[in-house]
Amino acid sequence: MKRARVGVLVSGRGSNMMALIDAAQSADFPAEIAVVISNRPDALALETATERGVPAVCVDHKVFDTRELFEQQLDRALRADRIDIICLAGFMRILSPWFVGQWEGRILNIHPSLLPSFPGLDTHKRALDAGVKFHGCTVHLVTRELDRGPIIDQAAIAVRPDDTPDTLAARVLTAEHELYPACLAKVARERINASEDEQAGRSEAG
Ligand code: GAR
């Protein structure tokens with residue numbers, strides 16, 4: 001089976017990265033995690049990925065004078081690995097319109113709220129402050145507008161009267177670990193089918 005090659009971008013703990021790595025271990029999962037890239041040298045995710053035998057590298061944004069130079073290096077690293085799809089998994093840098101344009105329709109992000117509610121940071125506290133009864137997470141395509149790209153899927157959880165930002169975050173995170181692999185599988189399958197259709201069309205035409 002053809003599998004999409006995925007590059008996971010991280011900045012910290014990497015629990016969503018782990019969920020993707022675990023899912024991709026299954027032989028019928030339509031994507032493989034080809035590389036993990038962190039913008040922070042101290043990200044725990046780098047260690048965990050290495051322990052799991054996934055190539056993990058750091059492209060430290062602090063080493064570059066400008067965001068453009070940082071992103072050019074990121075872009076080169078991903079192309080060198082022949083990446084088809086990028087998954088942002090707790091990657092805490094905003095990507096420029098240039099970078100997003102290079103990878104149009106091929107960057108997924110997981111966000112800890114039911115978008116379009118609560119884009120940005122501190123989502124669990126803001127959800128509690130707003131008194132919402134349901135909260136959750138969203139996987140969406142990344143576009144030039146922050147946290148506003150087309151939604152691939154969402155998972156909702158009920159807010160409990162005694163929830164704190166931490167208890168809510170923990171339940172949302174468990175939902176994230178289910179949602180992200182399912183969404184990646186869907187997008188990867190669509191890409192593989194589209195490229196097979198294109199090849200079949202070419203061989204019929206030729
Ligand atoms: C996750 O909750 C993810 O949704 C969030 O950061 C956490 C990373 O955890 N992402 C964002 O807030 C992006 N704006 P992890 O490193 O354990 O996957």
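Indexing begins at 1, ligand by ligand and atom by atom, following the structure's order.
Side-chain contact between His124 and Val172: present, with at least one pair of heavy atoms (C-beta onward) separated by less than 4.5 Å.
For the residue pair Trp98 and Asp75, no side-chain donor N or O sits within less than 3.5 Å of a side-chain acceptor on the partner. Between the side chains of Ser15 and His177, at least one donor N or O sits under 3.5 Å from an acceptor N or O.
For residues 51-68, the set of pairs meeting the salt bridge (charged side-chain N to carboxylate O under 4.0 Å, His left out) definition, not counting sequence neighbours, comprises Asp22-Arg52.
Of all heavy-atom pairs spanning His135 and Thr123, the tightest one is CE1-O, 3.9 Å.
Using a 4.0 Å cut-off between charged nitrogen and carboxylate oxygen, Arg40 and Asp42 count as a salt-bridge pair.
For ligand 1, the 4.0 Å heavy-atom shell takes in Arg13, Gly14, Ser15, Asn16, Gly90, Met92, Ile110, His111, Pro112, Leu173, Glu176, ordered by chain and residue number.
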